2 protein chains.
Amino acid sequence: MKGISGLSIPEPSLRRLPQYHHYLAELQSRGVSLVSCSTIGRDLKYIPVQVRKDLQFTGIIGKPKVGYSVAELVLAIEAFLGWNSVNEALLVGAGNLGTAMLGHERFSRFGLQVVAAFDVDPSKIGQYIYGKAVLPLDEMADLVQRMNIHLGIITTPAEVAQTVADEMVKAGIQAIWNFAPVKLNVPEYMIVHNEDLYSSLASLSCKLAKRFRAPLQENLRLN
Amino acid sequence: MKGISGLSIPEPSLRRLPQYHHYLAELQSRGVSLVSCSTIGRDLKYIPVQVRKDLQFTGIIGKPKVGYSVAELVLAIEAFLGWNSVNEALLVGAGNLGTAMLGHERFSRFGLQVVAAFDVDPSKIGQYIYGKAVLPLDEMADLVQRMNIHLGIITTPAEVAQTVADEMVKAGIQAIWNFAPVKLNVPEYMIVHNEDLYSSLASLSCKLAKRFRAPLQENLRLN
DNA sequence: ATTCAATAGGTAAGTAAGTATCGATACGGA
DNA sequence: TCCGTATCGATACTTACTTACCTATTGAAT
Ligand SMILES: NC(=O)c1ccc[n+]([C@@H]2O[C@H](COP(=O)([O-])OP(=O)(O)OC[C@H]3O[C@@H](n4cnc5c(N)ncnc54)[C@H](O)[C@@H]3O)[C@@H](O)[C@H]2O)c1
Ligand SMILES: NC(=O)c1ccc[n+]([C@@H]2O[C@H](COP(=O)([O-])OP(=O)(O)OC[C@H]3O[C@@H](n4cnc5c(N)ncnc54)[C@H](O)[C@@H]3O)[C@@H](O)[C@H]2O)c1
């Protein structure tokens with residue numbers, strides 16, 4: 001019962017699907033129509049079995065000796081991820097990162113449509129950033145209701161992220177994509193995704209530190 | 001032999017350490033000097049055992065009934081992650097996201113010092129963004145040698161990311177933090193970290209789609 | 001002083017993810 | 001037409017991560 005038609009996909013598999021999608025879209029744009037797990041695995045540095053298992057969750061079926069239809073795979077992944085239907089979102093915190101997100105038109109191809117930004121900075125309110133209005137925070141609840149918005153993006157300083165999250169919950173937002181490095185305290189039903197860049201930085205700097213200071217650490221440990 | 005003095009920490013644990021660090025720094029700034037795993041776990045929504053296991057990798061030791069010294073913990077995590085010594089980095093692609101990264105002075109508190117940016121856009125070359133010079137790409141190798149830089153950040157469009165990565169390898173860069181949604185093809189020794197925002201988006205939109213279209217999908221599956 | 005409760009730290013069990021293996025199937029070439 | 005091979009899909013196995021449990025230690029209360 002598990003596997004096909006994905007009753008529940010492991011998070012790691014889920015996070016690999018967009019990578020396959022990028023890769024497959026690229027293939028498609030080059031006119032390739034069939035692809036096998038071996039090929040995908042070779043190019044993306046995964047073993048074929050893992051690719052196959054991941055793809056099985058989308059419900060796609062391949063043909064032995066041939067592989068999968070690239071077009072079908074792309075559609076299957078998009079459908080599975082909900083990238084067909086548009087998710088309208090709002091963004092709070094029109095600073096550096098927020099501006100970058102607002103300017104990233106590519107999101108719209110993956111079901112994410114940021115409809116407006118909110119901020120407290122008077123010099124920003126009333127402006128348009130990449131065509132999106134920057135509104136005062138107290139108009140958020142109204143917009144959420146009117147446009148039936150489910151997703152909120154937080155790109156404010158960490159100190160106010162919890163406050164903003166509270167506002168979002170009150171306004172009726174269902175899911176939060178949080179770029180501030182804090183754990184948000186929200187009701188159980190909320191879907192929260194923390195995008196902690198420092199996690200990645202940690203992993204990187206840890207590995208770098210190991211590489212460049214490994215001999216020293218070895219010595220220390222021997223004492 | 002494993003555990004203490006972290007011969008090898010699981011990636012998930014490693015990625016949680018910065019969260020603990022944020023939390024503990026916050027505690028510290030409020031004057032709290034002692035903390036237990038139960039408290040951390042309550043606030044960060046982890047079970048105490050997991051917190052304890054994670055913290056053990058940093059080599060810290062706590063006292064029963066008391067917990068850990070917040071100050072010691074902060075230092076232990078920073079040391080473990082290599083956040084004490086500065087990693088000088090360069091950034092390629094001074095666009096939206098690149099600008100946001102350049103403006104994020106907070107990175108410097110976590111061992112990441114971006115010293116310069118590179119771009120191909122003539123209108124950007126020669127400018128300063130948040131005090132950092134934007135240089136032409138062909139000066140990269142020279143800078144890497146002169147300043148002994150190990151880390152490169154890629155915030156260019158996906159199409160040119162591989163080219164940029166090749167340049168970095170040639171220049172002598174050891175680690176890449178890649179924000180473009182492509183798998184980079186680099187020599188074995190390179191440390192590469194892909195920051196694929198679409199992975200997170202996928203996870204989010206998948207869950208949202210499930211919540212708001214779950215009944216329909218159930219029906220479809222029953223046919 | 002003694003008991004109790006909270007907590008660290010180690011070990012073991014359980015769960016989830018990743019990997020290997022095997023039979024079945026479809027295409028290409030002999 | 002038949003055979004070999006690449007590939008899929010399923011199952012079994014292995015590894016890694018998480019969670020539970022137990023013991024020892026500490027501080028506080030009686
Ligand atoms: N810039 C980066 O590269 C980067 C990297 C990692 C993490 N982050 C995180 O992303 C977040 C934003 O970073 P940034 O560099 O864009 O910061 P920023 O200071 O440029 O922008 C923050 C914006 O939030 C607005 N704001 C402040 N209080 C608010 C409130 N109560 N309600 C609504 N808006 C409010 C500010 O007016 C400002 O426009 C931070 O939490 C930061 O830690 C940023
Ligand atoms: N902006 C976002 O919020 C966001 C979100 C997710 C992912 N990304 C990814 O981050 C990357 C950058 O996004 P962005 O929005 O900053 O794009 P952008 O177009 O604003 O910036 C790209 C920059 O790269 C420069 N560039 C182009 N070719 C180059 C080359 N060969 N060498 C050096 N520099 C070159 C351009 O001149 C430009 O300044 C993209 O791969 C994008 O997919 C961005």
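On a predicted model such as this, the values are computed, not experimentally measured, just so you know.
- A heavy-atom distance below 4.0 Å to DNA chain C is reached by none of the residues of residues 182-195 of chain B.
- Taking atom CD of B:Glu11 as the reference point, atom C1' of C:dA17 lies 14 Å away to the nearest angstrom.
- To the nearest angstrom, P of C:dG9 lies 7 Å from CD1 of B:Ile61.
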Output one letter per nucleotide in nucleotides 19-30 of chain C: B when a protein non-hydrogen atom lies under 4.0 Å from the base, S when only the sugar-phosphate is that close, - when neither is. BB----BBB---
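- A 4.5 Å side-chain heavy-atom check between A:Met190 and A:Ile176 finds at least one atom pair inside the cut-off.
- Within 6.0 Å of NZ on B:Lys63 lie no more than 12 heavy atoms contributed by other residues, nucleotides or ligands.
- In this structure, CD1 of B:Ile9 is placed 10 Å from P of D:dT18, rounded to the nearest angstrom.
- In summary, the side chains of B:Asn96 and A:Tyr130 do present a donor paired with an acceptor at a separation below 3.5 Å, with no hydrogens or angles considered.
- For the segment residues 30-44 of chain B, residues with any heavy atom less than 4.0 angstrom from an atom of DNA chain C are, sorted by number, B:Ser36, B:Cys37, B:Ser38.
- Judged as a salt bridge (charged side-chain N to carboxylate O under 4.0 Å, His left out), and not counting sequence neighbours, A:Lys65 has no contacts.
- Taking the side chain as every heavy atom from C-beta outward, B:Tyr189 and A:Arg211 approach each other to under 4.5 Å.
- Between A:His21 and B:Tyr198, a ring centre-to-centre spacing not shorter than 6.0 Å is recorded.
- Counting only residues at least two apart or on different chains, no salt bridge (charged side-chain N to carboxylate O under 4.0 Å, His left out) pair has a member in residues 92-116 of chain B.
- Looking at residues two or more places apart in sequence or on another chain, you find a side-chain contact (heavy atoms from CB on, under 4.5 Å) between A:Ala175 and A:Leu151, A:Ile191, B:Leu204, B:Leu208.
- Rounded to whole Å, the distance from CG on B:Asp54 to P on D:dA16 is 17 Å.
- Below 30°, between 30° and 60°, or above 60°: for B:Phe179 and B:Trp177 the angle between ring planes is between 30° and 60°, a tilted geometry.
- In this structure, A:Arg15 does not reach the C:dA17 phosphate: none of its side-chain N or O atoms is under 4.0 Å from OP1 or OP2.
- Taking every heavy atom of both residues into account, B:Lys183 and A:Leu44 meet most closely at CE-O, 3.1 Å.
- In this structure, B:Tyr68 reaches the C:dG9 phosphate: one of its side-chain N or O atoms is under 4.0 Å from OP1 or OP2.
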